[in-house]
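What's counted below: heavy atoms across the whole structure, side chains too, no hydrogens, waters or symmetry copies.
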Amino acid sequence: MSLASGDFILLTLAFFVVATLYSAVGFGGGSSYLAILTLVLTSFFAIRTTALLCNLTVVTGSCYLYYKNGHLPLKKFIPFVVTSIPMAFLGASFRLKEQVFFILLALALIVSAIALIYQTLSLRSNFNVKEYPNYVSYLLGAGIGLLSGLVGIGGGIFLAPVLNHMKWDKPIVIASLASFFILVNSISGIGGLFVSDSFEIFWPEILGLLFAVLMGGQLGVRLSIGKLSAKRIRMLTGFLVLFVGIRVLLKNGLEINLFS
């Protein structure tokens, strides 16, 4: 499916802005990519594939910079990803009905956005990190991995609010874990799409979108590492996610009522 040049430029700019905002708090932007793509694409499979590929592009660069700056303790992250990878693969392999998919996505986004906004308002720089047994990390990884696979995003947007609420570690470490979590689950989710014969490329426009999110992601993660207006970025991202969730819910809830 091809787009008019003006529409494609607007789409590319939107993806750049989303990648910048989301990567600044450790996310890939998959939730907003999904919502935006529903405005321009008719193929449900192409929407999910494009969102996962853009997610993967953003967080790959983010993980590299977090690791380079010493914020990515991989050994601490292993329990999360060991269980999330197979569950994300399993979730992505399910062929959900389109309306069910978007309703599930919308509800998950609204809850995550409210949690992110609340935690940002109550966030304190001086708090005591709490210790938890390893099985908690395994369970969180499995549950959020399955949800991320079902809705077609990396899952960091679900994981980060939970870990911030638990005071699992410093916000910058949680942001780096969210990026790494999204990275491995996006790869697993793409594998699930292949297995279920649901992988569909939005060609050739995908190349421009991937470049836009790569640039936006690199800008955003540098803002995060530099601690530039971190609280404002988190708030803006929270409200953006909330807006996207409500919009998706209203659009698809209305369609179900009208056509069911």
Distance-minimising heavy-atom pair for [X] and [Y]:
{"X": "Tyr132", "Y": "Met166", "answer": "OH-O, 2.7 Å"}
{"X": "Ser23", "Y": "Tyr66", "answer": "O-OH, 4.0 Å"}
{"X": "Ser62", "Y": "Gly217", "answer": "OG-O, 4.3 Å"}
{"X": "Thr60", "Y": "Leu56", "answer": "OG1-O, 2.6 Å"}

Check whether [X] and [Y] end up in the same hydrophobic cluster, where Ile, Leu, Val, Met, Phe, Trp and Tyr are linked by side-chain heavy atoms less than 4.5 Å apart.
{"X": "Leu210", "Y": "Ile201", "result": "yes"}
{"X": "Leu74", "Y": "Leu140", "result": "yes"}
{"X": "Phe45", "Y": "Ile206", "result": "yes"}
{"X": "Leu90", "Y": "Val81", "result": "yes"}
{"X": "Val58", "Y": "Phe77", "result": "yes"}

Exercise for the section: Run the numbers on Ile174 and Trp168 for side chain to side chain contact (heavy atoms under 4.5 Å, CB included), then give the verdict. Expected result: CA-CA 8 Å; Ile174 292 175; Trp168 182 79; 4.0 Å; yes
Problem - Any donor-acceptor N/O pair, Thr57 side chain to Leu214 backbone, under 3.5 Å - result: no
Problem - Side-chain donor or acceptor of Thr50 paired with backbone N/O of Ile47 under 3.5 Å - result: no
Within this structure, what is the [atom1]-[atom2] distance for the pair [X] and [Y], rounded to the nearest 0.5 Å?
{"X": "Thr83", "Y": "Leu139", "atom1": "OG1", "atom2": "CG", "value": "7.5 Å"}
{"X": "Glu205", "Y": "Phe8", "atom1": "CD", "atom2": "CZ", "value": "6.0 Å"}
{"X": "Leu21", "Y": "Phe239", "atom1": "CG", "atom2": "CZ", "value": "13.5 Å"}
{"X": "Leu209", "Y": "Leu11", "atom1": "CG", "atom2": "CG", "value": "5.0 Å"}
{"X": "Ile36", "Y": "Cys54", "atom1": "CD1", "atom2": "SG", "value": "9.5 Å"}
{"X": "Arg48", "Y": "Leu37", "atom1": "CZ", "atom2": "CG", "value": "13.0 Å"}

Handout entry: Stepwise side chain to side chain contact (heavy atoms under 4.5 Å, CB included) test for Val213 and Leu53
Key = CA-CA 10 Å; Val213 298; Leu53 289 174; over 6 Å; no
Handout entry: Contact check, side chains of Phe80 and Leu163, non-hydrogen atoms, under 4.5 Å
Key = yes
Problem - Val173 and Ser176, any side-chain heavy atoms less than 4.5 Å apart - result: yes
Exercise for the section: Could you tell me whether Tyr67 atom OH has more than 12 heavy atoms of other residues or ligands within 6.0 Å of it? Expected result: no
Exercise for the section: Give a yes or no on this: more than 12 heavy atoms of other residues, nucleotides or ligands lie within 6.0 Å of atom CZ of Phe243. Expected result: no
Without placing hydrogens or testing angles, list every side-chain donor-acceptor pair under 3.5 Å for residues 180-190, not counting sequence neighbours.
unit_1	atom_1	unit_2	atom_2	d
Asn185	OD1	Ser84	OG	3.1
Asn185	ND2	Gly154	O	3.2
Asn185	ND2	Phe181	O	3.1
Ser186	OG	Ile182	O	2.7
Ser188	OG	Ile85	O	2.5
Ser188	OG	Phe89	N	3.0

Completion exercise
Checking Tyr33, Tyr22, Phe211 against Phe15 for ring pair (Phe, Tyr, Trp, His ring centres under 6.0 Å), the one that qualifies is Tyr33
Handout entry: Lys76 and Leu177: CA distance, side-chain angles, deciding distance, side chain to side chain contact (heavy atoms under 4.5 Å, CB included) verdict
Key = CA-CA 9 Å; Lys76 194 172 183 179; Leu177 170 57; over 6 Å; no
